[in-house]
Number of protein chains: 2
Amino acid sequence: MQQRNADRTKARILEAATEEFAARGIAGARVSRIAEVAGCNKAMLYAYFGNKDELFDAAFTASVAQYLDEVGFDVDDLPAYAGRVFDYFEAHPERLRLSTWYRLERPDGQPLEAIVAVNQARLDELHRGMRRRVVPRQFTAVTLLSLIQAIATHWTSMNPEYGVDVPNPIIRRRAVVMAVQKILS
Amino acid sequence: MQQRNADRTKARILEAATEEFAARGIAGARVSRIAEVAGCNKAMLYAYFGNKDELFDAAFTASVAQYLDEVGFDVDDLPAYAGRVFDYFEAHPERLRLSTWYRLERPDGQPLEAIVAVNQARLDELHRGMRRRVVPRQFTAVTLLSLIQAIATHWTSMNPEYGVDVPNPIIRRRAVVMAVQKILS
DNA sequence: GCCTAGCAACCAACTGGTTAGTTGATTTCC
DNA sequence: GGAAATCAACTAACCAGTTGGTTGCTAGGC
């Protein structure tokens with residue numbers, strides 16, 4: 001077991017940061033808590049990531065990259081895509097929280113290049129799908145993408161006032177897939 | 001013009017608090033900024049609302065009450081209801097932000113009684129609608145309510161990586177209403 | 001194989017500024 | 001005259017970021 005390893009320390013900081021930021025947001029996160037969870041000194045964190053804000057950027061960018069990598073897109077079966085998005089955030093609710101914090105706390109932050117590029121690619125695919133008559137044309141491509149995203153994550157982003165009545169994951173997933181099917185019909 | 005008026009001061013504090021909390025969340029909000037915007041001293045704020053957290057509660061509760069009061073529910077025309085929800089948050093995006101902050105920063109906060117009651121009433125109405133065959137039964141009532149909410153607010157809760165392609169409000173509204181119609185078909 | 005110089009990794013303790021919350025006095029109105 | 005409304009100034013704690021120094025790893029000479 002190495003006692004010194006820059007890469008490993010960096011990775012541990014990023015992991016701890018993701019956890020802390022997902023739980024408390026940028027303003028609510030405590031740098032000292034991140035350092036503690038990462039098992040290192042605050043100074044390391046500043047050496048590797050600059051400052052609190054840049055650390056959030058690093059954590060969020062990594063999180064998004066992992067999401068885009070793991071959840072592929074498929075114009076030919078959008079309900080299945082919605083199902084996968086549902087599965088992903090069911091397994092990693094903290095990723096959705098991170099994304100929401102980003103939206104709330106960086107209201108006029110420059111959109112991340114990586115996401116813009118992927119979104120553009122998906123929009124292009126949707127347009128091609130529409131020309132091929134695989135995707136209906138009642139909604140614009142942006143609307144469709146955004147609607148599907150909203151439907152796939154609607155449970156996770158729900159306020160907690162429904163209590164007991166919320167169905168189990170299997171039923172929720174089925175509802176997501178069915179809703180997207182209906183949107184496309 | 002009165003120089004002293006407890007009710008008016010209280011109202012101004014609440015207004016300023018809503019603005020500040022909507023913009024920056026609980027952790028990011030600054031009590032001194034709220035006092036400044038409200039045109040009074042910090043001490044007033046503590047005299048009237050106890051502390052920062054209770055001030056947020058007051059602002060959020062008032063905001064929700066106003067929303068529930070303004071946007072009525074109508075089982076017989078759910079697409080129109082979705083349209084009204086869309087209109088409301090288009091006109092008051094800060095209310096949606098406030099609600100999102102609440103969800104993120106109070107992950108295990110006790111659900112607000114007022115919302116729980118209204119939701120239960122709406123669920124009951126949906127159930128009656130289902131029995132009357134006015135509302136389809138493919139989704140459970142909770143699912144429907146949650147789906148409609150998600151669809152009606154999907155633009156506002158979108159991350160900002162779509163840029164220029166986002167359609168104008170009229171088209172967005174039409175998309176919301178149409179999507180809910182399709183969900184119900 | 002052993003020693004050591006130099007550098008990268010690491011940290012305890014500190015700093016300067018900020019922040020939620022308080023206090024004790026002052027003003028205004030009835 | 002007294003109660004309610006208001007505030008300037010204060011406090012104690014907190015927190016992002018820094019500093020100055022220590023420790024472990026390794027390359028290269030012997």
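Side chains are part of it too, since the values below use all heavy atoms of this structure and drop only hydrogens, waters and symmetry mates. Below, chain A is the first sequence line, B the second, and so on; all start at residue 1.
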Exercise. Are Tyr67(A) and Phe86(A) joined in one hydrophobic group, where the rule is that I, L, V, M, F, W and Y side chains link up if heavy atoms are under 4.5 Å apart?
Worked result: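 Yes, Tyr67(A) and Phe86(A) fall within the same hydrophobic cluster.
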
Let me check something: any side-chain donor-acceptor pairs from residues 124-132 of chain A under 3.5 Å, sequence neighbours excluded? List them with distances.
{"from": "Asp124(A)", "atom 1": "OD1", "to": "Gln120(A)", "atom 2": "NE2", "distance (Å)": "3.3"}
{"from": "His127(A)", "atom 1": "ND1", "to": "Leu123(A)", "atom 2": "O", "distance (Å)": "3.1"}
{"from": "Arg132(A)", "atom 1": "NH2", "to": "Asp76(A)", "atom 2": "OD1", "distance (Å)": "2.6"}

Tabulated below should be each protein N or O lying under 3.5 Å from an N or O of nucleotides 25-27 of chain C; please produce it.
{"from": "dT27(C)", "atom 1": "O2", "to": "Arg4(B)", "atom 2": "NH1", "distance (Å)": "2.6"}
{"from": "dT27(C)", "atom 1": "O2", "to": "Arg4(B)", "atom 2": "NH2", "distance (Å)": "2.7"}

Problem set entry | Geometric class of the Phe60(B)/Phe56(B) ring pair [parallel <30°, tilted 30-60°, perpendicular >60°] |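 Judged by the thresholds at 30° and 60°, the geometry between Phe56(B) and Phe60(B) is parallel.
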
Exercise. Looking across every strand, which nucleic acid part, if any, lies under 4.0 Å from Tyr48(A) by heavy atom: base, sugar-phosphate, or nothing?
Worked result: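 Touches sugar-phosphate only.
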
Length of the [atom1]-[atom2] vector between [X] and [N], whole Å:
| X | N | atom1 | atom2 | answer |
| --- | --- | --- | --- | --- |
| Asp7(B) | dT6(D) | CG | P | 10 Å |
| Lys52(B) | dT22(C) | NZ | C1' | 17 Å |
| Ile26(B) | dT19(C) | CD1 | C1' | 16 Å |
| Arg8(A) | dA9(C) | CZ | C1' | 14 Å |
| Asp53(B) | dT19(C) | CG | P | 17 Å |
| Arg12(A) | dA9(C) | CZ | P | 14 Å |
| Asn5(B) | dA3(D) | CG | P | 21 Å |

Problem set entry | Within residues 28-46 of chain B: residues closer than 4.0 Å to DNA chain D (heavy atoms) |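 Listed by number, they are Cys40(B), Asn41(B), Ala43(B), Met44(B).
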
Exercise. Looking only at side chains, do Tyr88(B) and Arg95(B) share a donor and an acceptor under 3.5 Å apart?
Worked result: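 Arg95(B) and Tyr88(B) do have a side-chain donor-acceptor pair below 3.5 Å.
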
Exercise. Does the side chain of Arg122(B) come under 3.5 Å of the side chain of Tyr81(B) through a donor N or O and an acceptor N or O?
Worked result: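 Checked: Arg122(B)/Tyr81(B) side chains pair up, N/O donor to acceptor below 3.5 Å.
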
Problem set entry | DNA chain C: 5'-proximal contact among Lys10(A) and Ala27(B) (nearest heavy atom) |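 By nearest-heavy-atom nucleotide position, the 5'-most residue is Lys10(A).
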
Problem set entry | Heavy-atom pair with the smallest gap, counting every atom of Tyr46(A) and Lys52(A) |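 In terms of heavy atoms, the two residues are closest at CE2-N, 4.4 Å.
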
Exercise. Between dA9(C) and Thr9(A), is there an OP1 or OP2 to side-chain N/O distance shorter than 4.0 Å?
Worked result: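 So the side chain of Thr9(A) is outside the cut-off, no N or O lying under 4.0 Å from OP1 or OP2 of dA9(C).
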
Exercise. Hey, what do you get for CG (Asp77(A)) to CG (Asp74(A)), rounding to the nearest 0.5 Å?
Worked result: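 Separation between the atoms: 5.5 Å.
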
Exercise. Do Thr100(A) and Arg103(B) touch side chain to side chain, with heavy atoms closer than 4.5 Å?
Worked result: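 In short, these two side chains touch, coming nearer than 4.5 Å.
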
Exercise. Do the side chains of Leu184(A) and Leu144(A) get nearer than 4.5 Å, heavy atoms only?
Worked result: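 Of all side-chain heavy-atom pairs linking Leu184(A) with Leu144(A), at least one is under 4.5 Å.
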
